[in-house]
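Let me begin by presenting the structure, written as structure tokens, before commenting on it.
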Amino acid sequence: MTIERIIKKFKINRPNDNSDLLLSAYEFANKAHRGQKRKSGEDYIQHSLHTAYLLTEIKADLPTVLAGILHDVPEDTKTTLKEVRENFGSEVYFLVKGVTKLGRIKYRGIELYRENLKKMFLAMANDTRVIFIKFCDRLHNLRTLDYIPEEKQKRIAQETLEIYAPIAGMLGIWRLKWQMEDLCFKYLFPDKFHELENRYEVEKKTERNQYFQKIKNVLTPKMEEAKIDYQLEVRFKHLYSIYLKMQRKDRKFDEIYDVFALRIIVDDIDDCYKTLGIIHTIWRPKPNRFKDYIAVPKPNGYRSLHTTIFGPDGKAVEFQIRTLEMHEESLYGLAAHWYYKSKKSDKIGKQPDWIKEILDTKKEISNTDEFVQKIKLDIFHDRIFVFSPQGDVFEFPEGSTPIDFAYAVHTNIGNQATAALINEKNAKLYQQLKNGDMVEIVTDKKKLHPNKDWLKFVKTKRAKDNIKQHAKKSTLENLKNIFPSKKN
Ligand code: MN
């Protein structure tokens, strides 16, 4: 990465800003980091530059990109925060200081996890740009994880999946969220990642491309006839979201039709609705799948029209129809929102309501646990992460038990479970698991059936289905014993 590339990219979005400052920041940081190397063997400054480049991709403003270049200077070099302020002013100083403070967040068990969440929320509430820098810093670290020991890779991936990715989603920065999630997925579940990658990316590619061509051939003449300028884009769901979907619904890969969506980008809102009309006259819409997020945007500000239709060969395909502005907002979230606002009024857009809520919540509740609990309820789908003794990570809904865990590992382990150890201590099979628990299941190979009473406490569909299946079978067997079929 070079500073020239960053400046070039920055100027595209913000031609009127003084990009000379980027060069000074580079010279300043390069001097401070001189001689330092990353684990990959690269000069340390490369990390600072990559972080800054990622920031220009989300159209961050000048102080944010400057702070991106400078973000590791006070933490890792002899150059102080004071010198940053003297050279680049107080706005950049506050951003770098905010990032440095967050840098001390380390994932070490559940208490610190909550403490970390609180710190993230508060930093975000003070100035959301700090979080953007932290995200880009983290994304570059994830991309260079190969160079650090495996244990540390898993810890960083885990922390990202639990703390960073959900917050990126909350801010609507989907682009960063997806990239972070897929990288974490790769390091946490390498086998599953590669399996899915092969099936999804490699095997299906040609088939899918042919299908899009079919759709395009039908749609293009109709759009031209209506004189609507449009771009058609294919959007593939990212691997981690497919994986979660498969787990949630306990489905096989091939049964998931909606691994891709088609996106149509048009000039204005009027054209969005016209396009929707055209699509619905060509193909039959799937009932209850039309959503008007333009009239009623999602809480994080997301706008688009969504509809699922039965396309060529009767396959269900989702269309997302939006303007360019809506499109960029959906990729870059709050960052783009501010960008468009500042273009229109020269002022930073107002902070969304939930940031005010976080600040109000902070005033009301000083206890960390309560604070995080209250915010977590709204933002995070209540989920926990649990380890196997081998260090594999499993994700569950809150309230899940060792039996849910057993079935997640393997059906036979579920069926043959007799006892459980949580954090190496004996535990009841109905005990609720907590974030970060290590779970071990004791099985009895001679045991053939699960216990029907487990249905009273298991939380996952997978566990329920397996237990029910056996319960049905054993009822049938009992009936057969009571009423043996007649022999001729
Ligand atoms: Mn860094």
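What's counted below: heavy atoms across the whole structure, side chains too, no hydrogens, waters or symmetry copies.
The pair R289-E318 meets the salt-bridge criterion, with a side-chain N (NZ, NE, NH1 or NH2) lying under 4.0 Å from an Asp/Glu carboxylate O. Under 4.0 Å is where a charged nitrogen must lie from a carboxylate oxygen, and between E4 and K8 no such pair does.
Counting heavy-atom neighbours within 6.0 Å of N217 CG, excluding the residue itself, gives a total above 12. Counting non-hydrogen atoms of neighbouring residues, nucleotides and ligands closer than 6.0 angstrom, the OH atom of Y147 reaches no more than 12 such neighbours.
Ring centroid separation for the pair H306 and F290 does not come in under the 6.0 Å cut-off.
Side chain of T2 to backbone of R5: a donor-acceptor contact under 3.5 angstrom is found. The backbone N or O of D20 sits less than 3.5 Å from a side-chain atom of N18, completing a donor-acceptor pair. Counting only distance, with no hydrogens or angles, the side chain of N13 and the backbone of K59 share no donor-acceptor pair below 3.5 Å. Between the side chain of D404 and the backbone N or O of K459 there is at least one donor-acceptor pair closer than 3.5 Å.
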Listed pairs under 3.5 Å, donor-acceptor, residues 62-72 side chains, sequence neighbours left out:
{"from": "T64", "atom 1": "OG1", "to": "D61", "atom 2": "OD1", "distance (Å)": "2.4"}
{"from": "H71", "atom 1": "ND1", "to": "G68", "atom 2": "O", "distance (Å)": "2.7"}
{"from": "H71", "atom 1": "NE2", "to": "H47", "atom 2": "NE2", "distance (Å)": "3.2"}
{"from": "H71", "atom 1": "NE2", "to": "D137", "atom 2": "OD1", "distance (Å)": "3.0"}
{"from": "D72", "atom 1": "OD2", "to": "Y44", "atom 2": "OH", "distance (Å)": "2.8"}
{"from": "D72", "atom 1": "OD2", "to": "H47", "atom 2": "NE2", "distance (Å)": "3.3"}

For this session: Would you please test F189 and Y243 for ring-ring contact (aromatic ring centres under 6.0 Å, His included) and show each step?
Result: CA-CA 10 Å; F189 312 94; Y243 170 70; 5.3 Å; yes
Exercise. Given the rule in the side chain to side chain contact (heavy atoms under 4.5 Å, CB included) test, do I309 and H280 qualify, once you have shown the distances and angles that lead to the verdict?
Worked result: CA-CA 8 Å; I309 51 96; H280 280 185; 4.0 Å; yes
Exercise. So R138 and I156, side chain to side chain contact (heavy atoms under 4.5 Å, CB included) or not? Walk me through it.
Worked result: CA-CA 9 Å; R138 174 53 58 109; I156 290 175; 3.7 Å; yes
Problem set entry | Verdict with supporting geometry, L183 and L145, side chain to side chain contact (heavy atoms under 4.5 Å, CB included) | CA-CA 9 Å; L183 282 162; L145 269 190; over 6 Å; no
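A donor-acceptor contact closer than 3.5 angstrom links the side chains of R322 and Q320. Neither side chain, D465 nor Y407, offers a donor N or O lying under 3.5 Å from an acceptor on the other. Judged by distance alone, the side chains of D146 and Y187 do bring a donor and an acceptor atom under 3.5 Å apart.
Listed by chain and residue number, R199 satisfy the salt bridge (Lys or Arg N to Asp or Glu O under 4.0 Å) test with E195 (two or more places apart in sequence, or in another chain).
Using the six-membered ring where Trp is involved, H50 and H140 have ring planes that are parallel, under 30° apart on the 30 and 60° scheme.
Residues K291 and L305 form no side-chain contact, since every pair of their non-hydrogen atoms from C-beta on lies 4.5 Å or further apart. Residues L142 and T160 are in side-chain contact: their nearest non-hydrogen atoms beyond the backbone lie under 4.5 Å apart. For the pair I321 and Y230, the minimum side-chain heavy-atom distance is 4.5 Å or more. The shortest side-chain heavy-atom distance between Y211 and P312 falls under the 4.5 Å cut-off. The side-chain heavy atoms of Y164 and L176, taken from C-beta on, include no pair separated by under 4.5 Å.
In this structure, CD1 on I7 lies 7.0 Å from NZ on K11, to the nearest 0.5 angstrom.
For the salt bridge (Lys or Arg N to Asp or Glu O under 4.0 Å) condition, the pairs that include at least one residue of residues 212-234, sequence neighbours left out, are K214-D313, E233-R263.
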